[in-house]
Amino acid sequence: MSEYTHDDADRSAEAAGNENGTEDTVLFTDFNLDGRVLAALTDVGYEKPSPIQAATIPVLLEGRDVVGLAQTGTGKTAAFAVPALSRMAELAEANGPTRNTQVLVLAPTRELALQVAEAFSSYAKHLEDFTVLPVYGGSPYGPQLAGLRRGAQVVVGTPGRVIDHIEKGSLDLSELQYVVLDEADEMLRMGFAEEVDKILEATPEEKQVALFSATMPSSIRRIAKQYLNNPAEISVKSKTTTGANTRQRYLQVMGPHKLDAMTRILEAEDFDGIIAFVRTKMATEDLADKLKSRGYRAAAINGDIPQQQRERTVEALRDGKIDILVATDVAARGLDVERITLVVNYDIPHDTESYVHRIGRTGRAGRSGDAILFMTPREKYLLRAIEKATRQPVEQMHLPSAETINNLRLSKFADKITETLASEDVSLFRDLIANYEQEHDVPAAEIAAALAVMAQGGRPLLVQDLPQAPKGQRERAGGGRDAMNSRGPSRALTEGNATYRIAVGRRHRVMPGSIVGAIANEGGLSSAQIGGIDIRSDHSLVELPADLSPEQLRALSKTRIGGELIQLELDSGRKPRRDREDGGYRQDRGGFRGGFRNDRGDRDRGFRSDRGDRGERGYRGDRPERGDRSESGFGGRGMGARKPRHGRG
Ligand code: ADP
Ligand code: MG
């Protein structure tokens with residue numbers, strides 16, 4: 001992604017992408033396209049060509065080979081499909097109709113092949129007697145053979161299956177005019193180099209070749225050199241493409257807390273469709289199951305799931321029958337589902353290219369999207385690489401607090417009451433309640449409260465803290481947890497522990513590490529004995545064993561951090577008061593350098609004490625606007641009293 005060139009094509013691409021552009025705005029009608037193809041573009045609702053389209057369509061129409069470099073979601077499919085169709089329409093006009101295969105598109109995965117085939121058909125909608133046939137592995141040969149026998153002017157296939165058909169003699173390439181390698185970098189990365197070579201060898205000498213890719217590694221250069229004839233290299237700079245309309249954030253979270261983090265985000269964020277990326281096939285099933293058991297409509301796709309089922313799952317997402325797709329990189333490659341408004345990198349990708357591809361699943365062609373990256377502290381180096389590759393800062397976000405979640409739940413609950421009153425006939429129950437009120441002399445509000453408890457069916461309405469991790473994870477997070485872990489988002493106080501107060505806080509610029517270091521050294525504790533740390537403005541709360549010996553207490557009362565006596569003492573439960581004196585909740589949640597932000601405060605204070613001023617506080621400070629990061633760095637500083645983006649709560 002560092003190879004974007006600054007050539008003429010670039011300039012024209014930028015001009016075409018210029019929203020305010022008046023005279024430089026390029027329209028599809030500016031190209032010499034077949035009228036029927038133009039009509040189809042109007043039908044699908046494309047107003048004007050995307051930058052890569054504006055730059056490549058005229059060159060491809062001239063018949064020149066093209067190497068097109070642009071990020072995902074920039075409209076590469078139409079960039080090659082539209083000129084191909086237009087040229088074929090012309091040929092048919094000149095030479096009469098044919099059912100020979102004239103166009104072959106190679107795509108790395110079945111999903112992608114299907115998607116390209118679908119797009120092709122939509123652009124070919126007004127061409128008569130025209131067939132686009134997808135052929136891919138993992139599905140029966142029968143229908144594909146029948147389709148090929150009937151004849152398809154366009155074949156879109158995965159390399160392996162295309163070779164099979166060439167070898168079987170079912171795919172005749174002798175009349176081929178045009179070959180496209182789509183997502184060429186991915187195709188090669190998936191190990192299809194040999195197949196690609198073989199297929200290109202099997203095509204006629206005279207043909208046009210277009211190669212599209214998000215990146216230009218040397219393997220692609222090699223293919224381009226070997227099989228393309230003096231290609232025009234057209235690149236669209238990444239800053240005008242991927243991510244420009246995708247807001248990227250990261251959340252520091254320890255592995256065992258990811259599920260809880262995910263469900264909190266699901267509760268607090270506005271979203272339509274979501275795709276969550278995990279590293280392994282097993283993890284897709286695992287996460288999908290857990291989300292389902294928490295009431296979300298989720299499904300997994302991975303390479304082991306039969307093709308047809310995968311297609312059905314993607315379709316279900318498209319149709320709104322499910323909301324969350326949990327996927328591996330390979331299974332989700334190239335997916336274009338308009339509903340996806342949020343990409344969650346549940347497991348951080350291994351490389352920046354995967355990241356770019358992942359977030360390319362949202363914010364498609366001008367729509368806006370959100371991407372959230374879960375990152376453990378150890379993975380921080382990858383974040384920098386990602387920022388470099390996408391040329392965009394990734395903002396730090398913090399977990400929606402228990403308070404945010406609770407406010408949302410309360411207002412949802414109230415909405416349900418309103419809805420029910422508006423839509424249901426409540427007369428039977430009204431009489432019943434009226435009778436009860438009289439007979440038992442209990443105020444209606446009390447009765448309503450009892451009914452609300454019944455309606456909750458035993459589920460707590462409010463979270464006290466992070467939702468409990470599932471059992472297995474809790475166990476892992478317990479006892480043997482490491483020092484990092486114990487400073488992660490909060491859990492209930494570990495048994496045998498107590499909350500201590502130390503007289504150093506943010507004002508003294510303490511960091512969790514220095515607290516752990518000082519207490520462990522001076523108090524003779526192992527770092528595993530030190531639990532959650534909550535740094536407040538002028539003091540901090542630390543979870544330590546309840547039974548510290550007098551010696552330990554003495555040593556710790558004399559301990560200094562940054563020159564300040566820490567004056568360790570058992571926290572007396574005056575916390576809520578003190579928080580108020582400190583300026584409240586707000587400041588305490590603000591800046592916790594380097595993450596490890598925790599929600600301890602919520603547990604300690606409980607929901608009760610915070611409820612009063614929720615309207616004013618809302619969910620604040622946790623979502624700096626994009627620009628802030630450059631000033632505040634990664635430290636999570638500088639989070640003033642800003643309103644949330646999707647103002648809620
Ligand atoms: P890429 O192959 O570069 O990842 P796609 O070809 O899949 O991108 O296109 C991404 C999305 O943008 C698709 O939903 C497509 O329909 C849409 N799209 C493509 N070209 C245009 C255009 N000129 N105007 C509006 N939307 C477009
Ligand atoms: Mg594509």
Side-chain angles (χ1 to χ4, degrees), residues 1 4 13 16-19 21 25-31 33 37-38 40-58 60 66-85 105-125 134 156 158 180-187 210-215 234-238 240-246 273 275 314 317-318 332-341 343 353-354 356-369:
M1 265 151 295
Y4 288 90
N18 178 3
E19 294 285 321
T25 302
V26 180
L27 299 172
F28 283 114
T29 45
D30 294 337
F31 310 130
L33 290 172
V37 178
L38 268 179
L41 290 173
T42 310
D43 289 350
V44 291
Y46 296 174
E47 267 174 15
K48 57 174 190 186
S50 70
I52 187 75
Q53 291 163 3
T56 52
I57 290 174
L60 286 169
V66 161
V67 172
L69 294 176
Q71 299 286 327
T72 42
T74 52
K76 293 192 288 294
T77 316
F80 58 76
V82 164
L85 286 168
V105 182
L106 294 180
T109 65
R110 310 171 253 205
E111 280 83 5
L112 204 57
L114 272 169
Q115 220 162 267
V116 168
E118 235 165 64
F120 240 109
S121 316
S122 70
Y123 310 138
K125 186 175 139 193
V156 184
T158 51
V180 181
L181 306 177
D182 192 19
E183 304 240 16
D185 52 351
E186 180 59 15
M187 206 136 59
L211 181 157
F212 281 85
S213 182
T215 58
I234 295 172
S235 66
V236 168
K237 268 184 270 172
S238 59
T240 60
T241 58
T242 291
N245 39 22
T246 297
I275 183 159
V314 172
L317 179 71
R318 221 185 290 269
R333 159 97 9 201
L335 272 188
D336 183 24
V337 177
E338 200 166 323
R339 266 192 77 221
I340 297 176
T341 56
V343 171
E353 276 170 45
S354 309
V356 169
H357 278 105
R358 284 176 176 194
I359 70 166
R361 298 311 107 223
T362 186
R364 308 287 285 170
R367 292 182 291 271
S368 71

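Only this structure's heavy atoms are used, side chains among them; waters, hydrogens and symmetry mates stay out. Both counts, for ligands and for their atoms, begin at 1 and track the order of listing.
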Donor-acceptor pair, Lys76 side chain versus Ala70 backbone, under 3.5 Å?
yes
Is Thr362 reaching over with its side chain to a backbone N or O of Ile359, donor-acceptor style, under 3.5 angstrom?
no
Audit row: Arg361, Val337, side chain to side chain contact (heavy atoms under 4.5 Å, CB included) steps and yes/no:
CA-CA 7 Å; Arg361 298 311 107 223; Val337 177; over 6 Å; no
Can you check side chain to side chain contact (heavy atoms under 4.5 Å, CB included) on Phe31 and Val26, steps first, answer last?
CA-CA 9 Å; Phe31 310 130; Val26 180; 3.5 Å; yes
Which of these, Tyr46, Phe28, Tyr123, Phe212, has its nearest heavy atom closest to atom 27 (C) of ligand 1?
Tyr46
For Glu111, what residues pass the side-chain hydrogen bond (donor to acceptor under 3.5 Å, both in side chains) criterion, not counting sequence neighbours?
Arg310
Set of side-chain hydrogen bond (donor to acceptor under 3.5 Å, both in side chains) partners for Ser354, sequence neighbours left out
Asp351
Short N or O distance, [X] and ligand 1, threshold 3.5 Å exclusive:
X	result
Gly75	yes
Thr77	yes
Thr74	yes

Of the side chain and backbone of Phe80, name the one, both, or neither that has a heavy atom under 4.0 Å from an atom of ligand 1.
neither
Below 4.0 angstrom from a heavy atom of Ser50, which ligand 1 atoms are there? Numbered from 1 as shown, please.
23 (N)
With the threshold set at under 4.0 angstrom, would you say Lys48 reaches ligand 1 through any of its heavy atoms?
yes
Does ligand 1 have an atom that lies less than 4.0 angstrom from a heavy atom of Ala70?
no
